[in-house]
J.: 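First, the structure itself, so that you have it in front of you.
Computed from a predicted structure; not experimentally measured.
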Amino acid sequence: MLHLTFDDLAQAFRAHRRAFHLEVRDDYSGVAGEADRVQRFLNGEPQDPAASARWHALMREVIGARCVVQRVRVITEPHGPYTRFAVGTTDANLRVGEDIRWLPRRDAPVDLGDDDWWLFDDEVAAYTVFQRDGSALPGWAATTDPAVVRHYADVRDRLWTKAIPHLEYAK
């Protein structure tokens, strides 16, 4: 396993033409900065643009350079507070060019697992490493193992066709 920093992950986006992210948790408020963003949303307050500025700048850059960035978010219905926040703020990600879809957990494969990961061009898989309290360790654990990458490419392809595009789901 390799360890990737944010700068390493940014380089992975720059070096590849397709990046896919699977998100399977119902609550990311344990991740640094997320609890404040969720609370602002639930209070009806505007989001602080600085909270996502680095990510949005990266997405504008790599998508402008022709990297396709896709996400499938597997969610439980009815929505909890974090999912309401995520659905309610995804338009900002769409505006910078990400393609985000939603998959109700009841429609997900039972053997999906509970790991969030990025897949870059069917070559590199990068995992978010969560601690028991829901916080994420800095960076990502990455592998180029062909069997792992093939498995995640298959999962991506199966989920992408089942997932509902954000603009349709948000209705």
J.: Do the numbers put R25 on top of the ring of F130, so that NZ or CZ is under 6.0 Å from the six-membered ring centre and no more than 45° off the axis?
T.: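 Judged by the rule (NZ or CZ under 6.0 Å from the ring centre, within 45° of its axis), R25 counts as positioned above F130.
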J.: What I'd like to find out is whether the side chain of L58 reaches to under 4.5 Å of the side chain of F6, using heavy atoms alone.
T.: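 Yes - at least one pair of side-chain heavy atoms lies under 4.5 Å apart.
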J.: Within this structure, what is the CG-CH2 distance for the pair D8 and W140, rounded to the nearest 0.5 Å?
T.: 9.0 Å
J.: Among side-chain atoms of T5 and D7, is any donor-acceptor pair under 3.5 angstrom?
T.: no
J.: Which word best sums up how the rings of F41 and F85 line up, parallel for under 30°, tilted for 30 to 60°, or perpendicular for over 60°?
T.: perpendicular
J.: Does C67 reach the side chain of R14, with side-chain heavy atoms less than 4.5 Å apart?
T.: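 No; the side chains remain at least 4.5 Å from each other.
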J.: Let me know which of Y127, F13, Y152 forms a ring-ring contact (aromatic ring centres under 6.0 Å, His included) with W118.
T.: F13
J.: Got W55 and N93 here, is their nearest side-chain heavy-atom distance under 4.5 Å?
T.: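 A side-chain contact exists here, since the closest heavy-atom pair is under 4.5 Å.
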J.: Are L9 and L119 co-members of a hydrophobic cluster defined by side-chain heavy atoms under 4.5 Å apart?
T.: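 Shared cluster, no.
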J.: Find out if a path of hydrophobic residues (ILVMFWY) with successive side-chain heavy-atom gaps under 4.5 Å connects L103 to W117.
T.: yes
J.: So, S135 and D133: side-chain donor and acceptor under 3.5 Å apart, yes or no?
T.: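 Note: S135 and D133 side chains meet the donor-acceptor criterion.
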J.: Could you walk me through whether L137 and Q131 pass the side chain to side chain contact (heavy atoms under 4.5 Å, CB included) check?
T.: CA-CA 7 Å; L137 295 177; Q131 299 187 87; 3.4 Å; yes
J.: Give a yes-or-no answer on whether the side chains of T89 and R37 include a donor-acceptor pair shorter than 3.5 Å.
T.: no
J.: Please determine whether residues V87 and I164 belong to a single hydrophobic cluster, defined as Ile, Leu, Val, Met, Phe, Trp and Tyr linked transitively by side-chain heavy-atom distances below 4.5 Å.
T.: yes
J.: Indicate yes or no: at least one non-hydrogen side-chain atom of D122 is less than 4.5 angstrom from one of R156.
T.: yes
J.: For R40 and Q47, which I'm curious about, is there any donor-acceptor pair between the side chains at under 3.5 Å?
T.: no
J.: Are N43 and Q39 close enough that a side-chain donor and a side-chain acceptor fall under 3.5 Å?
T.: yes
J.: For residues 160-171, which residue pairs qualify under salt bridge (Lys or Arg N to Asp or Glu O under 4.0 Å), counting only residues two or more places apart or in two chains?
T.: none
J.: Does the side chain of Y169 come within less than 4.5 Å of R101's, by heavy atoms?
T.: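 R101 vs Y169: side chains apart.
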J.: Counting distance only, does the side-chain N/O of H16 pair as donor-acceptor with the main-chain N or O of A12 below 3.5 Å?
T.: yes
J.: Find the distance between OG1 (T83) and CZ (R105) and round it off to the nearest 0.5 Å.
T.: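 If we round to the nearest 0.5 Å, T83:OG1 and R105:CZ are 8.0 Å apart.
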J.: Considering only residues two or more places apart or on different chains, which pairs with a residue in residues 62-71 satisfy salt bridge (Lys or Arg N to Asp or Glu O under 4.0 Å)?
T.: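 Residue pairs passing salt bridge (Lys or Arg N to Asp or Glu O under 4.0 Å), neighbours aside: E23-R71, R71-E98.
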J.: If you group Ile, Leu, Val, Met, Phe, Trp and Tyr by side-chain heavy-atom gaps below 4.5 Å, do V149 and V124 land in one group?
T.: no
J.: From D91 CG over to L167 CG, what is the distance, rounded to the nearest 0.5 angstrom?
T.: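 Spacing of CG (D91) from CG (L167) equals 6.5 Å.
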J.: For the residue pair L42 and R84, establish whether any side-chain heavy-atom pair is separated by less than 4.5 Å.
T.: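 They are in side-chain contact.
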J.: Donor-acceptor pair, distance only, cut-off 3.5 Å: does the side chain of H3 make one with the backbone of P138?
T.: yes
J.: Is there side-chain contact between L159 and L112, with heavy atoms separated by less than 4.5 Å?
T.: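 Sidechains of L112 and L159: in contact.
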J.: Do L22 and V74 touch side chain to side chain, with heavy atoms closer than 4.5 Å?
T.: yes
